[in-house]
Every structure is written in C-alpha cells, then in structure tokens.
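Take a look at the structure below.
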Amino acid sequence: RGLAVSEGPAVQPSLWVGALGLTAWTWANLHLGEATAAEPTWEIDAGLDYAYEWEGLAVEGGFLLYTYPGLEDAAPTGELHVALVVPRGPITLSTEHSVDVVDVPGAYFGELALSLAHEPADAWSMEWSFALGWGSTRFNEAYIGPATDALNVARGGVVVEWRPLDLLYLRARLETTARAGTCLLY
C-alpha cells in the first residue's frame, strides 16, 4: 500500500516459488529503526497468486495473508486481490484492487501506478515509479483514519537491482509516501 507503519530503515526478505502461472510466496518486513517500540517488530505476509498474459496484458489475482507476530493490537487478516498490468516498452501502467475477507470484510483498497524501467548496463536495472491509492470507508476506518472514501496515498520511488546470476539478485529500494486523509472521492 505504501503506508509506512514505522520510522527508519527496514529489511524486507522474500522467498517465492512458481510454475504454470502460479506463485506461492512469503515476504517479511523487519523494522530496524522504529522509534515507538522497545524492540524491532515484524510483519510476515504470505500469498498464492495466479498470473495470465494475453495480447500484451497481464491479469493477476490471488490471496494475501498479513500477520504481525508480537503485536497484540494487530490482528492477522487476508485479502483477495486482482491486478491488470499493461507494459508498453519501458513504461508500465497498472491497477490493483484488494478486498479484505478476514478481519475487516469488505474493506477495499485500490491503486493506480505508473513505472519507467531502464537497464543502464548488463546485470543492472533501475525502475522509477509513482502511484496513487484510495480506500473505502471500511478500509480507512480500520487502517488509516477518517471513516470516509478517500484518496489516501501518493507514493514514489526508485529501485536499483543487480542480478549477478540468473537465480540471484540484490535490490535496493528508496520510496517515499505522502498520506492524504482529507482528499475525498466523489
């Protein structure tokens, strides 16, 4: 979502396996510089996704499980999501839509994103991105702030990736997020 839940740096390891359009994955977020907690805190997510490409478009869908070990006030939840990805050369336009089906049933979040990719040298790539996200009244009441449909998030960032081997890569991400809970959708 681009919603920062801590201040400072984080480590985000991930692991996935995929075949025939299906991908099973897990991702973690360890907050290293959190000013509000005595100890670092984790978010551990897992999912099962399916992707299908047709006529230059990609359609993706799946289930995501969000867990927060060690945080008593953060209940685990799950979402169904669908995305449409339209790559055109170095530019990609995408939109993703998610609905909570576990902790806050019916809470909806949508996002529209634009990215630009560049490969400056062998084994190196860069991607710049910008996205806008919006949430339903139920989503905002549960996760962000005022209980209203709203344009919530504007985020931008850059990713630099080094791929020394086919099955190994290192990725550095710098991202900034602006939260705007007062910009209403009509």
Side-chain angles (χ1 to χ4, degrees), residues 1-8 10 12 14 23-31 33-37 40-52 57-86 91-115 127-159 173-186:
R1 308 271 187 275
L3 299 171
V5 293
S6 69
E7 294 179 14
Q12 298 179 330
S14 62
T23 303
W25 57 269
T26 186
W27 172 91
N29 186 60
L30 173 61
H31 305 217
E34 191 155 343
T36 59
T41 56
W42 282 93
E43 173 182 344
I44 301 174
D45 304 338
L48 182 63
D49 296 328
Y50 179 75
Y52 180 76
L57 302 175
V59 178
E60 303 169 3
F63 178 77
L64 302 144
L65 175 67
Y66 299 93
T67 64
Y68 308 92
L71 294 179
E72 295 175 16
D73 61 342
T77 193
E79 295 178 343
L80 293 174
H81 72 100
V82 63
L84 177 64
V85 181
V86 183
I91 297 173
T92 299
L93 180 65
S94 63
T95 184
E96 184 168 2
H97 305 273
S98 303
V99 176
D100 193 311
V101 293
V102 177
D103 188 46
V104 188
Y108 164 81
F109 188 85
E111 182 178 81
L112 180 64
L114 179 69
S115 64
E127 182 178 275
W128 294 269
S129 64
F130 177 76
L132 294 174
W134 58 92
S136 68
T137 299
R138 287 183 60 84
F139 179 89
N140 289 329
E141 182 176 33
Y143 301 113
I144 293 182
T148 183
D149 294 336
L151 178 63
N152 299 99
V153 178
R155 66 178 173 83
V158 63
V159 174
R173 174 187 308 267
L174 178 62
E175 191 168 276
T176 187
T177 301
R179 216 168 68 171
T182 58
C183 186
L184 303 180
L185 294 178
Y186 293 99

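Basis for what follows: all heavy atoms, side chains included, without hydrogens, waters or symmetry-related copies. Quantities reported herein were computed from a predicted structural model and do not represent experimental measurements.
- Residues F109 and E96 have side chains not in contact (no heavy-atom distance under 4.5 Å, counting atoms from C-beta outward).
- Annotation for F139 and I144: closest pair CE2-CD1, 3.7 Å, computed over non-hydrogen atoms.
- Summarising the geometry of W134 relative to L112, their closest heavy-atom pair is CZ3-N, 3.7 Å, with the distance given to 0.1 Å.
- The shortest distance between side-chain heavy atoms of Y143 and V104 falls below 4.5 Å.
- Between Y68 and D73 there is no side-chain heavy-atom pair separated by less than 4.5 Å.
- Side-chain contact check for S94 versus E111: every heavy-atom pair is 4.5 Å or farther apart.
- In this structure, the side chain of D103 does not engage the main chain of A75 through any donor-acceptor pair within 3.5 Å.
- Judged as a side-chain hydrogen bond (donor to acceptor under 3.5 Å, both in side chains), and not counting sequence neighbours, the contacts of Q12 are N29.
- For the ring pair (Phe, Tyr, Trp, His ring centres under 6.0 Å) test, no residue two or more places apart in sequence or in another chain qualifies with H81.
- Across A154 and L132, no two heavy atoms sit closer than the pair CB-CD2, 3.7 Å.
- Contact check for D45 versus L64: no side-chain heavy atoms found under the 4.5 Å cut-off.
- Between V102 and P76 the shortest side-chain heavy-atom distance does not fall below 4.5 Å.
- Closest non-hydrogen pair, E141 versus A147, comes out as CB-CB, 3.8 Å.
- In this structure, D49 and E60 have side chains that are not in contact, with every pair of non-hydrogen atoms separated by 4.5 Å or more.
- Closest of all the heavy-atom pairs between T23 and W25 is O-CD1, 3.9 Å.
- Annotation for E79 and S98: closest pair OE1-CB, 3.4 Å, computed over non-hydrogen atoms.
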Worksheet item: Could you walk me through whether D149 and T137 pass the side-chain hydrogen bond (donor to acceptor under 3.5 Å, both in side chains) check?
Response: CA-CA 5 Å; D149 294 336; T137 299; 3.1 Å; yes

